[in-house]
Amino acid sequence: MEKLEQKKAETKVGTYELIHVCKQTGARLGRLHLAHGIVETPIFMPVGTQATVKSLTPDELKEDVKAPIILSNTYHLYLRPGHELIKQCGGLHKFMNWDRNILTDSGGFQVFSLSGLRKITEEGVQFQSHIDGSRHFISPEKAMEIQNALGSDIMMCFDECTPYPSTYDYTKKSMERTSRWAKRCLDSHERKEEQALFGIVQGGMFKDLREQSAKDLVALDFPGYAVGGLSVGEPKELMLEVLEQTTPLLPENKARYLMGVGTPDYLIEAVLRGIDMCDCVLPTRLARNGTAMTSVGKVIIKNKKYELDQSPIDASCDCYCCKNYTKAYLRHLFKANEILGARLFSVHNLRFLTRLMENVREAIKEDRLMDFRNEFYEKYGYEK
RNA sequence: GGGAAGUUGCCCGAGUGGCUAAAGGGGACAGACUGUAAAUCUGCUAGCGUACGCUUACCAUGGUUCGAAUCCAUGACUUCCCA
């Protein structure tokens with residue numbers, strides 16, 4: 001027992017342990033060693049931008065969803081309540097009462113999504129707060145300082161999520177800057193023993209730029225790598241093509257994280273292409289907007305056809321929502337704008353994706369991920 | 001019994017002569033959402049037609065007018081005030 005503890009302490013944070021490769025597909029089953037526990041991969045990570053997975057308690061995330069890791073966000077927590085405040089409150093885990101792992105996004109996505117409010121230079125990004133319009137400057141060093149203060153288990157490099165579509169020239173310039181920023185992030189990261197810093201591959205939809213980006217980042221030897229700049233509006237086929245070309249460029253002994261993907265089909269396709277981790281706001285956002293993800297496709301609960309439906313959202317689901325409530329009742333909650341509806345759907349959608357990944361891991365272990373995929377699509381109503 | 005105000009599409013409500021099949025809400029119906037500026041946003045809501053369009057529409061009936069939801073008369077109903 002002592003020996004095991006010792007071994008655990010010696011395992012560097014961010015260490016990826018490859019357990020098995022699916023003989024049918026090449027998909028990876030693994031374990032990611034982090035400061036707040038081991039994460040079995042492939043994994044879907046719920047997003048809790050503002051130090052809360054919207055509408056859910058940590059207990060619900062643990063017991064109902066069964067999430068070992070969640071995301072939070074550098075930019076948002078820096079603006080409100082402020083990373084120094086969170087540090088003074090004992091760090092992000094204590095602050096939000098979450099004792100499992102946290103991955104913090106760097107704010108790179110906000111460079112993309114708040115494009116009307118910022119200006120990018122070599123030094124960093126000048127932002128105007130979306131809350132009060134005040135001006136702020138986030139550099140790679142600043143993003144590291146914030147994430148060090150938050151104390152997340154996985155930190156992300158400060159990058160630019162290149163918009164789609166972008167020209168070759170812009171994408172190249174942006175990708176090269178992201179590479180230079182990655183080096184600066186690595187150099188200014190002060191808590192390497194507790195916090196694993198992941199690099200982010202950019203390069204838009206251009207093969208040679210993806211190659212260059214991967215090469216630049218791999219040379220810096222991060223404990224894990226993300227594929228960024230995908231799922232930003234490009235067609236699915238293009239996205240899968242770029243992903244398929246990008247993951248082989250990443251080291252096999254490191255975790256690979258596809259950022260921002262969250263529909264069941266994208267998750268499965270990502271795993272098939274060698275991805276170990278995904279995150280997305282989609283399940284929680286859909287939940288609040290009244291759409292459930294189910295094994296037979298999505299359910300827009302406000303539709304009239306569910307008015308008297310006495311069945312659960314998903315009969316094959318083991319979540320609290322599906323074990324206790326009918327579609328008719330859930331429809332009523334959403335029509336009446338009752339907050340419980342958003343909560344129950346959030347539990348369900350997150351559990352649905354978490355369970356999907358549990359099943360994916362099981363299928364990889366048994367070398368039948370392609371069969372699983374085909375069966376899943378059959379029921380879900382996707383063409384293969 | 002006397003006086004005043006009012007009656008608009010599923011509901012509330014704007015509109016006081018042509019630009020009105022009628023603003024704006026709400027509701028209903030449908031859709032979108034992918035490292036969260038989102039419990040948000042979009043479409044649609046008289047009938048028929050893909051559409052130019054046609055038909056029926058602003059309490060009822062009659063009238064004025066080239067033209068009426070809008071002006072006049074009568075009736076019905078609603079609300080308020082005084083007895």
Side-chain angles (χ1 to χ4, degrees), chain A residues 44-56 69-77 79-80 102-118 127-133 143 147 152 154-162 164 178 198-202 225-236 239-240 243 257-267 269-270 275 277-293 298-307 331 333-346 349 353:
Chain A
F44 174 78
M45 305 178 286
V47 179
T49 302
Q50 306 205 64
T52 168
V53 174
K54 291 185 191 299
S55 90
L56 299 187
I69 177 169
I70 61 173
L71 256 73
S72 202
N73 185 278
T74 300
Y75 166 83
H76 287 278
L77 294 180
L79 281 186
R80 184 172 58 192
I102 300 174
L103 182 156
T104 42
D105 185 28
S106 61
F109 185 72
Q110 280 64 43
V111 176
F112 162 80
S113 67
L114 301 172
S115 58
L117 300 170
R118 52 71 170 158
F127 268 107
Q128 246 183 302
S129 161
H130 67 282
I131 302 165
D132 63 5
Q147 293 182 82
S152 49
I154 298 176
M155 303 168 36
M156 299 307 297
C157 280
F158 191 58
D159 66 331
E160 183 192 352
C161 179
T162 318
Y164 176 84
T178 289
F198 280 24
I200 305 176
V201 177
Q202 291 290 344
Y225 295 91
V227 179
L230 289 180
S231 222
V232 287
E234 77 282 7
K236 182 180 174 184
M239 183 266 180
L240 293 179
L243 182 65
Y257 162 30
L258 175 61
M259 309 185 81
V261 156
T263 60
D265 58 325
Y266 272 53
L267 288 175
E269 296 303 323
I275 289 296
M277 312 158 68
C278 286
D279 78 285
C280 196
V281 304
L282 194 63
T284 45
R285 181 178 291 171
L286 286 183
R288 292 191 305 283
N289 294 335
T291 298
M293 296 168 157
K298 68 180 182 183
V299 170
I300 300 178
I301 197 62
K302 286 212 248 186
N303 286 4
K304 193 171 177 61
K305 60 183 169 186
Y306 302 120
E307 198 171 28
R331 178 175 194 267
L333 290 180
F334 275 99
K335 299 222 69 137
N337 200 26
E338 281 293 338
I339 204 164
L340 182 61
R343 283 178 34 69
L344 292 172
F345 264 32
S346 293
N349 281 351
L353 292 186

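Residue numbering restarts at 1 for every chain, and letters A, B, ... go by the order of the sequence lines. Quick caveat, the model's predicted, so the values are computed rather than measured.
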Is it true that a side-chain atom of [X] and a backbone atom of [Y] form a donor plus acceptor pair closer than 3.5 Å?
X	Y	result
A:S106	A:C157	yes
A:T49	A:S72	no
A:Q147	A:S152	no
A:N73	A:Y75	yes

| request: Anything under 30° is parallel, anything over 60° is perpendicular, the rest tilted; go ahead and classify A:F334 against A:F345. | output: tilted
Given that both distances must come in under 3.5 Å, which nucleotide forms a Watson-Crick or G-U wobble pair with [N]?
N	answer
B:C77	B:G6
B:A38	none
B:U65	none
B:U70	none
B:C48	B:G53
B:G43	B:C29

Can you check the distance between [N] and [M], where both ends of the measurement are the [atom1] atom (answer in whole Å)?
N	M	atom1	result
B:U64	B:U70	P	15 Å
B:C58	B:G63	P	16 Å
B:G13	B:G67	C1'	27 Å
B:A4	B:U55	C1'	40 Å
B:A69	B:G17	C1'	11 Å
B:G2	B:G75	P	13 Å
B:A22	B:C44	P	13 Å
B:U45	B:A60	P	24 Å

Separation of [X] atom [atom1] from [N] atom [atom2], in whole Å?
X	N	atom1	atom2	result
A:Q147	B:G35	CD	C1'	12 Å
A:F334	B:C33	CZ	C1'	14 Å
A:I69	B:G35	CD1	C1'	13 Å
A:F44	B:G35	CZ	P	9 Å
A:L286	B:G31	CG	C1'	13 Å

| Among all residues two or more places apart in sequence or in another chain, which pass the salt bridge (charged side-chain N to carboxylate O under 4.0 Å, His left out) test with A:R288? | none
| query | Which residues satisfy the salt bridge (charged side-chain N to carboxylate O under 4.0 Å, His left out) test with A:K304, sequence neighbours excluded? | reply | A:E307
| Can you find a side-chain donor-acceptor pair between A:T178 and A:Q202 that sits under 3.5 Å? | no
| query | Does a side chain donor of either A:N289 or A:T291 reach within less than 3.5 Å of an acceptor in the other side chain? | reply | no
| request: Check whether any side-chain N or O of A:K302 sits under 4.0 Å from OP1 or OP2 of B:G31, and answer yes or no. | output: no
Which part of the nucleic acid, if any, lies within contact of [X], taking any heavy atom under 4.0 Å across all strands shown: a base, the sugar-phosphate backbone alone, or nothing?
X	result
A:R331	sugar-phosphate
A:E307	nothing
A:S55	nothing
A:I300	sugar-phosphate
A:K298	sugar-phosphate

| field | Base-contact (B) and sugar-phosphate-only (S) positions in nucleotides 36-44 of chain B, heavy-atom cut-off under 4.0 Å, - elsewhere | value | BBBBB----
| message | If you only use heavy atoms from C-beta on, which nucleotide in B:U34, B:G35, B:A30 is closest to the side chain of A:Y257? | response | B:G35
| query | Mapping A:N303 and A:C161 onto RNA chain B by nearest heavy atom, which one lands closer to the 5' end? | reply | A:N303
